[in-house]
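Taking it in order: structure first as structure tokens, then the write-up.
Naming: A, B, ... by sequence-line order, numbering from 1 per chain. Hydrogens, waters and symmetry mates are skipped; everything else that's a heavy atom, side chains included, is used.
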Amino acid sequence: MSSHQANRFKYHLKHCYQSKNLNLTKTLHAYILKTSHFLSTSLNTSLILSYSSSLHHHNNTTTISTTHFNILTNLFKSIDPSNPLPFNTIASHFSHHGHPSLALHTLSFMHFSGVVLDSYAICSSLTAAAAIRSVGLGKMVHAHVEKSGWLSSVYVGSALIDFYAKTSAFWDARRAFDEMPVRNVVCANALFLGFVEGRMWEDGLSLVRRMRGLGMECDRFTMCGLLKVCAGLAKIELGRQVHGSLIRRIDAFGGDVFLRTSLIDMYGRCGVVEKARHVFDHTGVGDGGEEKRDVILWTSMLGVCGRNGHFEDVIQLFKEMLMEGTKPDKIVFLAVISACSYTGNVNQGLQYFESMVCDFGMDPDQEHYSCVVDLLCRAGELERALDLISRMPFKMGTSDNSTRNGGTSNTSLWGALLNACVDTGNVELGKLAAERALEADPRNVGIYVLWSNLCASVGMWDEIEKLRDLIRERGMMKDVGCSWLEVSG
DNA sequence: ATAGGGTTAG
């Protein structure tokens with residue numbers, strides 16, 4: 001096969017990858033095989049990537065199906081096992097496109113075919129293990145790292161710390177950090193950001209102090225984390241200091257949308273709306289020809305206004321965002337609708353929801369429905385909320401098919417409704433909501449408490465007795481105990 | 001190898 005021909009195939013395969021078109025990939029594969037039986041490594045890589053994206057799209061699941069597994073394994077076999085590079089390329093591609101399980105499949109094939117894992121492969125494994133929350137796998141990789149001597153690499157070390165931090169094993173993360181022979185800012189940041197993510201503000205702060213002692217300069221990543229700490233502890237003074245050192249020490253801070261977003265968020269959570277607005281207004285419009293304001297920056301400003309009750313500003317800002325040519329995404333609509341919810345502007349909230357579907361052609365997620373149900377419930381419109389739930393395009397009540405919260409998003413939806421029922425004393429609807437919520441998540445303590453509150457408020461003591469039996473049956477007595485005494489006592 | 005936005009009853 002000529003290199004010209006190979007490039008043409010690669011071009012078409014790239015198209016398959018982007019459009020996730022399985023049939024096209026298969027046709028192309030057959031055609032390529034007719035042309036030549038020996039495929040170059042890079043052509044093989046392209047082929048694997050398009051198969052993976054389209055198969056994944058077809059199955060719409062995070063697990064690997066048997067067919068999928070077999071096709072991939074066969075393709076892997078035709079890659080030269082003496083060189084880790086093509087495998088690493090494929091694995092990192094999978095990782096960066098949200099297919100961690102496929103990355104792991106690639107890496108384990110690589111390992112069991114006798115390819116020596118280099119630092120790239122180890123880092124990918126740890127990242128993917130963290131992404132699918134596989135603690136056992138990460139620990140196996142850790143053992144391999146200890147044996148093979150890769151611990152001396154700051155890259156591997158950072159990935160290891162990041163893995164432990166992301167799986168909430170903070171103690172292991174800290175130990176890995178302490179035991180590293182060579183450390184740099186990135187390692188420290190991985191640990192610090194883990195603390196921040198786990199809302200362990202004080203541990204985070206003392207680590208930053210320790211970094212100074214180790215002679216490490218805080219970089220933009222550290223600053224992002226520090227701003228979150230300030231927001232979490234409502235330490236506005238520290239926040240102002242961080243703002244100051246951003247201006248003094250960070251190059252092109254005026255155009256760094258990451259830092260600007262964090263700063264706006266920090267000021268907003270500390271209640272200093274004007275300051276947040278000031279930072280926002282001076283981002284990406286000024287002197288240096290820097291980055292434009294993006295959706296995320298707008299969302300943070302909209303969130304600040306919403307949380308602080310500045311409803312008119314939310315409306316105005318959203319308009320300005322559209323006029324500036326920034327495309328809204330699903331999350332910015334959540335921010336806007338929930339701002340309507342906070343401030344009691346039911347009709348506007350519903351209008352935004354409709355506009356999202358009709359004007360921008362987006363499919364609302366379950367989270368959007370939750371938000372609108374909450375909006376309606378706060379306004380006492382229980383029937384309309386129920387009506388909306390019944391018209392949702394999701395399967396409700398049964399176990400979940402939701403994105404990331406496990407079984408909780410169905411629950412939050414019915415929970416919002418149930419909560420409104422408690423306020424209005426609506427027993428029939430409340431009973432329905434409680435039943436549905438418990439079908440979705442039988443061990444959710446909050447639902448039991450809400451339902452028993454509702455029963456207690458209308459004096460349905462026999463119903464509470466039944467509920468108590470149910471709880472004991474499911475072995476949850478300990479958790480609910482305290483709330484229980486409050487209600488019946 | 002590490003970073004930014006939303007929802008869940010008060």
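Side-chain proximity of A:Lys166 to B:dT8, B:dT2, B:dG5: nearest is B:dT2. Nearest to the side-chain atoms of A:Val154 among the listed nucleotides B:dG4, B:dA1, B:dG6 stands B:dA1. Comparing B:dG5, B:dG10, B:dT7 by their closest approach to the side chain of A:Val295 singles out B:dG5. Distance from the side chain of A:Cys123 is smallest for B:dA1 among the nucleotides B:dG5, B:dA1, B:dA9. Ranking B:dG6, B:dT7, B:dA1 by closeness to the A:Tyr342 side chain, first place goes to B:dT7. Considering only side-chain atoms of A:Val186, the nucleotide from B:dG6, B:dA9, B:dT2 that sits closest is B:dT2. The nucleotide whose nearest atom lies closest to any side-chain atom of A:Ile296 is, among B:dA3, B:dG6, B:dG4, B:dG4. Here B:dT2 is the nucleotide among B:dT2, B:dG5, B:dA9 with the atom lying nearest to any side-chain atom of A:Asp219. Comparing B:dA9, B:dG4, B:dA1 by their closest approach to the side chain of A:Leu297 singles out B:dG4. Of the candidate nucleotides B:dA3, B:dG6, B:dT8, B:dA3 has the atom nearest to the side chain of A:Cys224.
OP1 or OP2 of B:dA1 has not a single side-chain nitrogen or oxygen of A:Tyr120 nearer than 4.0 Å. Between A:Arg307 and B:dG6 there is a side-chain N or O to OP1 or OP2 distance below 4.0 Å. Considering only side-chain N and O atoms, A:Lys228 lies nowhere under 4.0 angstrom from the phosphate OP1 or OP2 of B:dT2.
Taking 4.0 Å as the cut-off between side-chain N and carboxylate O, A:Asp387 and A:Arg384 do not count as a salt-bridged pair. The pair A:Lys466-A:Glu463 meets the salt-bridge criterion, since a charged nitrogen lies less than 4.0 angstrom from a carboxylate oxygen. By the 4.0 Å N-to-carboxylate-O rule, A:Arg277 lies too far from A:Glu274 to be salt-bridged with it.
Among the atoms of the strands shown, none is found under 4.0 Å from any heavy atom of A:Arg260. In this structure, A:Arg183 reaches neither bases nor backbone, as no heavy-atom distance under 4.0 Å exists between it and the strands shown. Residue-level contact check: A:Val156 touches neither bases nor backbone, having no heavy atom under 4.0 Å from any strand. A:Val336 comes within 4.0 angstrom of no nucleic acid atom, judged by non-hydrogen atoms across all strands. Within 4.0 Å (heavy atoms only), A:Asp374 reaches sugar-phosphate atoms of the nucleic acid but no base atom. Nucleic acid contact class of A:Gly303 (heavy atoms, under 4.0 Å, all strands): none.
A donor-acceptor contact under 3.5 Å is formed by the side chain of A:Asp294 with the base of B:dG4. One cannot find a donor-acceptor pair under 3.5 Å joining the base of B:dG4 and the side-chain atoms of A:Ser262. Residue-to-nucleotide contacts include no donor-acceptor pair under 3.5 Å from the side chain of A:Asp256 to the base of B:dG4.
To the nearest angstrom, P of B:dG10 lies 12 Å from CG of A:Leu418. Atom CG in A:Leu263 sits about 11 Å away from atom C1' in B:dG4, given to the nearest Å. Rounded to whole Å, atom P of B:dG4 lies 11 Å from atom CG of A:Leu259. Atom pair A:Phe170:CZ and B:dT2:C1' shows a separation of 15 Å (rounding to whole Å applied). To the nearest angstrom, P of B:dA1 lies 6 Å from NE2 of A:His96. Rounded to whole Å, the distance from CG on A:Asp118 to C1' on B:dA1 is 14 Å. Atom pair A:Phe192:CZ and B:dG4:P shows a separation of 11 Å (rounding to whole Å applied). Atom CG in A:Leu117 sits roughly 15 Å away from atom P in B:dA1 (whole-Å rounding).
Contact between A:Leu376 and A:Leu350 at its shortest, heavy atoms only, is CD2-CD1, 4.2 Å.
Applying the salt bridge (Lys or Arg N to Asp or Glu O under 4.0 Å) rule to pairs touching residues 299-312 of chain A yields A:Asp265-A:Arg307, sequence neighbours excluded.
Here the two rings, on A:Phe170 and A:Phe177, have centers that are 6.0 Å apart or farther.
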Report the C-alpha distance between A:Tyr164 and A:His142 in whole Å, list the side-chain angles of each, state the deciding distance to 0.1 Å, and finish with yes or no for side chain to side chain donor-acceptor pair (under 3.5 Å).
CA-CA 10 Å; A:Tyr164 281 124; A:His142 188 177; 2.7 Å; yes
